[in-house]
Amino acid sequence: MTELTEAVHLSDPLGALEPVPNYACDVCASLGRQREEARARRDMTVVSDCNVEIRRHPHTGRGRSV
Ligand SMILES: [Zn+2]
């Protein structure tokens, strides 16, 4: 039998709320820091802005030259 019994783990609740910044990326790393600072002062507007930016920041991938 080839039934698909495995659950789909795409909607991890924590992951959905908080994208993990890519610390290899300067922009994302700095957004990640901003987000932690904002969280520390309970500025959830900035926290969620940073989350949006982190999520939207394009990483075209492996050919990144540093
Ligand atoms: Zn980035």
Side-chain angles (χ1 to χ4, degrees):
M1 261 198 238
T2 53
E3 278 183 60
L4 295 173
T5 48
E6 280 182 49
V8 180
H9 293 293
L10 287 178
S11 55
D12 172 46
L14 282 177
L17 288 171
E18 296 266 289
V20 177
N22 179 355
Y23 287 105
C25 168
D26 285 347
V27 175
C28 291
S30 126
L31 284 167
R33 277 194 299 273
Q34 273 181 53
R35 186 179 69 183
E36 296 315 309
E37 284 169 19
R39 199 203 315 282
R41 58 175 196 266
R42 298 178 169 271
D43 191 342
M44 297 320 279
T45 307
V46 174
V47 170
S48 98
D49 278 358
C50 289
N51 283 339
V52 171
E53 295 284 331
I54 289 167
R55 207 177 273 134
R56 278 203 316 212
H57 198 245
H59 297 119
T60 44
R62 306 150 201 277
R64 203 169 93 89
S65 55
V66 183

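Atoms within each ligand, like the ligands themselves, are counted from 1 in listed order.
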- [ ] Please determine if Arg39 and Glu36 form a salt bridge, counting it only when a charged side-chain N lies under 4.0 Å from a carboxylate O.
- [x] yes
Open item on the list: If I take atom CZ from residue Arg35 and atom CD from residue Glu18, how far apart are they, to the nearest 0.5 angstrom?
Closed with: 4.5 Å
TODO: Could you tell me the separation between the CG atom of Asn22 and the NE2 atom of His59, rounded to the nearest 0.5 Å?
DONE: 4.5 Å
Task: Atom pair CZ (Arg55) and CG (Leu31), whose distance is rounded to the nearest 0.5 Å - done: 12.5 Å
Open item on the list: Could you check whether any side-chain heavy atom of Asp43 comes within less than 4.5 Å of a side-chain heavy atom of Glu37, counting everything from C-beta outward?
Closed with: no
Task: Protein N, O or S within less than 2.8 Å of the Zn ion (ligand 1), waters excluded - done: Cys25 SG, Cys28 SG, His57 ND1, His59 NE2
Task: For Pro21 against Gly32, the heavy-atom pair lying closest together - done: CG-CA, 3.9 Å
